[in-house]
Amino acid sequence: MNKDLLKMDDLTKEEILDILNLADQLKYEHKHNIEHPHLKGKTLGMIFQKSSTRTRVSFEVGMYQLGGNALFLSSRDLQIGRGEPVEDTARVLSRYLDGIMIRTYDQAEVEVLAKHSSIPIINGLTDDEHPCQVLADLMTIREFKTSFDGLKLCFIGDGNNMANSLLVGALKLGIKVSIASPNEYTINEAYVTKGNELSELNNVEFILTNDPKEAAKDADVIITDVWASMGQEAETEKRIKAFKGYQINKDLMSYAKDDAIVLHCLPAHRDEEITSEILESHSSEIFEEAENRLHAQKAVLVKLLKNTNKFN
């Protein structure tokens with residue numbers, strides 16, 4: 001693997017599968033009370049420009065279960081929040097920590113941090129990418145469907161970081177992908193191009209449409225996310241109007257396969273992007289997906305931090 005995990009395209013198909021296999025092993029060991037202190041003596045710094053329940057708890061608990069330590073750092077705790085260049089913060093923290101997880105807005109900030117750090121950097125979420133969540137999603141899909149062969153994944157909603165990372169990860173694994181969004185909220189051109197490239201390379205279909213029913217037709221997996229992400233609260237009413245008809249509900253699910261699963265990265269705005277009825281009827285998948293953030297991220301941490309030495 002590369003030194004860092006900044007976006008899904010950093011990973012090859014083989015590396016994705018390797019992470020998922022290790023995540024399965026770590027989950028099994030955790031369920032059977034088998035200790036796995038792979039990161040004993042290691043410390044992960046966690047930088048949060050965007051707050052999160054799941055990201056903070058899963059990384060902090062994950063490091064503890066791996067025998068290491070996690071240090072929570074908000075923008076209020078760092079000079080980076082008071083005007084220190086990211087480059088300087090990167091070089092200083094590289095002297096103290098064994099790795100950094102950062103959850104922020106701008107993908108460029110994560111890229112700069114990685115460029116100037118001598119330790120691994122993990123993207124915990126940016127406006128462009130959410131690789132750790134997508135690894136957990138892929139892990140969950142394989143648990144419920146046993147294999148990726150012949151699957152169709154449908155994402156309905158905002159063409160955001162989830163849509164971007166999902167299309168890259170799924171297409172690399174040979175999963176057919178369909179994405180339905182309103183015109184003004186579709187994925188950006190760079191990811192359209194990437195999707196088309198991966199579709200051709202892996203001989204698997206990639207569909208981009210404005211019609212959620214077309215996208216959901218014969219889908220094995222239906223995924224959605226909130227319509228207004230953190231930082232977009234002022235656009236909530238506008239987005240609710242724009243996304244009318246893009247709700248995951250009983251009618252839309254009738255176009256998918258009878259045994260289709262539903263995923264949502266949470267938190268969910270019930271009866272906006274997904275009805276309470278559908279969320280509850282698919283709660284087994286959705287909350288297994290939430291748990292799998294812990295196991296997938298532990299696998300990433302082991303892969304990136306186990307054999308690193310910050311003094312090299």
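Using modelled atom types and a 3.5 Å distance limit, the side chains of Arg56 and Ser51 yield no donor-acceptor pair. Thr140 and Glu288 share no donor-acceptor pair across their side chains, judged by distance under 3.5 Å alone. Of the N and O atoms on the side chains of Asp127 and Asn161, not one donor lies less than 3.5 Å from an acceptor on the other residue.
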For residues 257-265, which side-chain N or O atoms pair as donor and acceptor with protein atoms under 3.5 Å away, sequence neighbours left out?
from   : atom 1 : to     : atom 2 : distance (Å)
Lys257 : NZ     : Asp220 : OD1    : 3.1
His264 : ND1    : Leu266 : N      : 2.9
His264 : NE2    : Glu273 : OE2    : 2.7

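With respect to the salt-bridge test (charged N to carboxylate O, under 4.0 angstrom), the residues Arg54 and Glu291 do not qualify. Classification of Glu189 and Lys194 as a salt-bridged pair fails, no side-chain N sitting under 4.0 Å from a carboxylate O.
In this structure, the side chain of Asn202 engages the main chain of Leu198 through a donor-acceptor pair within 3.5 Å. Judged by distance alone, the side chain of Lys172 and the main-chain N or O of Leu11 form a donor-acceptor pair under 3.5 Å. Without hydrogens or angle criteria, Glu60 side chain to Met46 main chain gives no donor-acceptor distance under 3.5 Å. Here the side chain of Lys42 pairs a donor or acceptor atom with the backbone of Leu305 at under 3.5 angstrom. Distance alone, capped at 3.5 Å, is enough to place a donor-acceptor pair between the Asp106 side chain and the Ala108 backbone. A donor-acceptor pair under 3.5 Å links the side-chain atoms of Asn249 to the main chain of Asp251, judged by distance alone. A donor-acceptor pair is defined here as one N or O able to donate and one able to accept, closer than 3.5 Å; no such pair exists between the side chain of Asp98 and the backbone of Leu44.
Rounding to the nearest 0.5 Å gives a distance of 4.5 Å between CD of Glu237 and CD1 of Ile240.
A side chain to side chain donor-acceptor pair (under 3.5 Å) check over residues 173-182, counting only residues at least two apart or in different chains, returns the pairs Lys176-Glu205. Residue pairs meeting the ring pair (Phe, Tyr, Trp, His ring centres under 6.0 Å) criterion with at least one member in residues 133-189, sequence neighbours excluded, are Tyr185-Phe243.
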